[in-house]
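In what follows, chains carry the letters A, B, and so on, assigned in the order in which the sequence lines appear, proteins first and then strands, with residues in each chain numbered from 1.
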Amino acid sequence: MTTQLWLGLVTGILLGFLMQKGRVIRFEKQVGALLLIDMTVFKFMLSAILVGSVGIYALAGLDIISLSHKPMNMGAILVGGALFGAGWAIMGFCPGTSMGAVGEGRYNALFAIAGMVAGAALHAELYPFFKKTVLAWKDFGKIGLPETLGLSPWIVIPVIWVAVIGLFYFFEKKGL
Amino acid sequence: MKLKTKDNGWNPYFAGALVGLLAIASVYASVVLLDKSNFIGASTTFVRAAGFAEQVVVPERVAANEYFAKTRISVDWQFMLVLGIFFGALISSLTDKSFKLEGIPPIWRERFGSSLGLRAIGAFAGGIVAMVGARLADGCPSGHGLSGMMQLSISAFVALFMFFAVGIVVARLIYKRRLL
């Protein structure tokens, strides 16, 4: 195996381990988050984002890594995001966690994985149609929040930290 | 605040923060070892898996498809990452005894009963819709939700809002049979 493949595998094992320890993989936690009865997934994701954003922007600021924003294509993000949300609520897994769910024995995730592979094939068939319609509406390109606001990331990130920690405080106070 | 949760898991703030560190280490390692900035994602791998499956049955269709050509059907870094998630969760759940064979999750059972066939149809159909959406949006809760948010991408903020806003509405309608 090449370095690329080994690195991906090791990263994935660590990610799967941490997601399983955080108990965010299973259906109950994912649908529990969408029903707003269990905040575990929110706590986990937002903590990862807070820590990750500091390191990613530090490395990018030092020119060690380059940022890779996904395009802000209106149709793609709005229609695609809505379809994902609807399918997610029924399936109860997301693409990354579905493999982990099988790993912790929740074998109904296999049906979700089969569905997602079928969905990927369907999307590839529909791609020429999407390109002429949904994807052609309006593309704002690869943009980040700091430059869009005209602010330094080192102003934006602390503001996000304060807002999210406020939300965490609310969760804990309400016992969510 | 407790370090262990009631179900014997790790505190989600702590486990999440470690994922943040992993994401930083991962992109740094990819630059050092592979000379490119790789960010964690998962849904593109399902396109490659679909491509491999189709190549067995209708190879000419894969070759002629624009999206498969754009994605390049091969086993790459992200493909191994998605496989790794399986092994990581397996190791973690076996060592802390949280591994459990489960065909029908409790919330699903309460609403739809204990038919595995019905659960299979729901998971499969949901999977189709979700993946068409994830590929249209160019990402899922990993690519947009983690990697995109860490980079403060505008697309990630909007995509994540859509995932949760629509997910919350649909989950309420399905499992609680009401909107509010």
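The shortest distance between side-chain heavy atoms of A/H69 and B/I154 does not fall below 4.5 Å. Contact check for B/C140 versus A/C94: no side-chain heavy atoms found under the 4.5 Å cut-off. B/V47 is not listed as a side-chain neighbour of A/V117, based on a closest heavy-atom distance of 4.5 Å or more. A/Y107 places a side-chain heavy atom less than 4.5 Å from the side chain of B/L116. The closest side-chain heavy-atom distance from A/L83 to B/M131 is not below 4.5 Å. Contact annotation: the side chain of A/K21 approaches that of B/D96 to within less than 4.5 Å [non-hydrogen atoms, C-beta and beyond]. Within the 4.5 Å cutoff, side-chain heavy atoms of A/H123 are placed close to those of B/Y67. Contact annotation: the side chain of A/R106 never approaches that of B/P105 to less than 4.5 Å [non-hydrogen atoms, C-beta and beyond].
Heavy atoms closer than 4.5 Å to chain B are found in the side chain of A/I25, but not in its backbone. At a 4.5 Å heavy-atom cutoff, the contact between A/M1 and chain B is made by side-chain atoms alone. Only the side chain of A/L36 comes within contact range of chain B, with at least one heavy atom under 4.5 Å from a heavy atom of that chain. Interface remark: A/T97 contributes no atoms to any contact with chain B (heavy atom separation under 4.5 Å).
Proximity of a side-chain donor or acceptor of A/Q4 to a complementary backbone N or O of B/W77 within less than 3.5 Å is detected. Side-chain atoms of A/N108 come within 3.5 Å of backbone N or O of B/E102 as a donor-acceptor pair.
Taking the centre of each ring, B/F124 and A/F111 stay at or above the 6.0 Å mark. Annotation: A/Y127 is not in aromatic contact with B/F68 [ring centroid separation under 6.0 Å not met].
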Stepwise side chain to side chain contact (heavy atoms under 4.5 Å, CB included) test for A/V10 and B/L81: CA-CA 7 Å; A/V10 171; B/L81 180 130; over 6 Å; no
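Of the residues considered (A/G22, A/A118, A/A82), A/A82 shows the highest number of contacts with chain B, using heavy-atom pairs under 4.5 Å. Ranked by non-hydrogen atom pairs under 4.5 Å with chain A, the options B/S142, B/A25, B/G122, B/A53 are led by B/G122.
The environment of B/Y28 atom OH is sparse: at most 12 non-hydrogen atoms of other residues, nucleotides or ligands sit within 6.0 angstrom.
Between B/F164 and A/F42, the ring planes lie tilted relative to each other; the angle falls in the 30° to 60° range. In this structure, A/F84 and B/F163 have tilted ring planes: the angle between them lies in the 30° to 60° band.
Residues B/S92 and A/Q20 bring a donor and an acceptor atom of their side chains to less than 3.5 Å of each other.
Note that CZ of A/F130 and CG of B/L136 are 4.5 Å apart. Values are rounded to the nearest 0.5 Å. Annotation: the span from B/K176 atom NZ to A/I37 atom CD1 amounts to 5.5 Å, rounded to 0.5 Å.
At a threshold of 4.0 Å, the pair A/K131-B/E66 counts as salt-bridged, since one of the basic side-chain nitrogens sits closer than that to a carboxylate oxygen.
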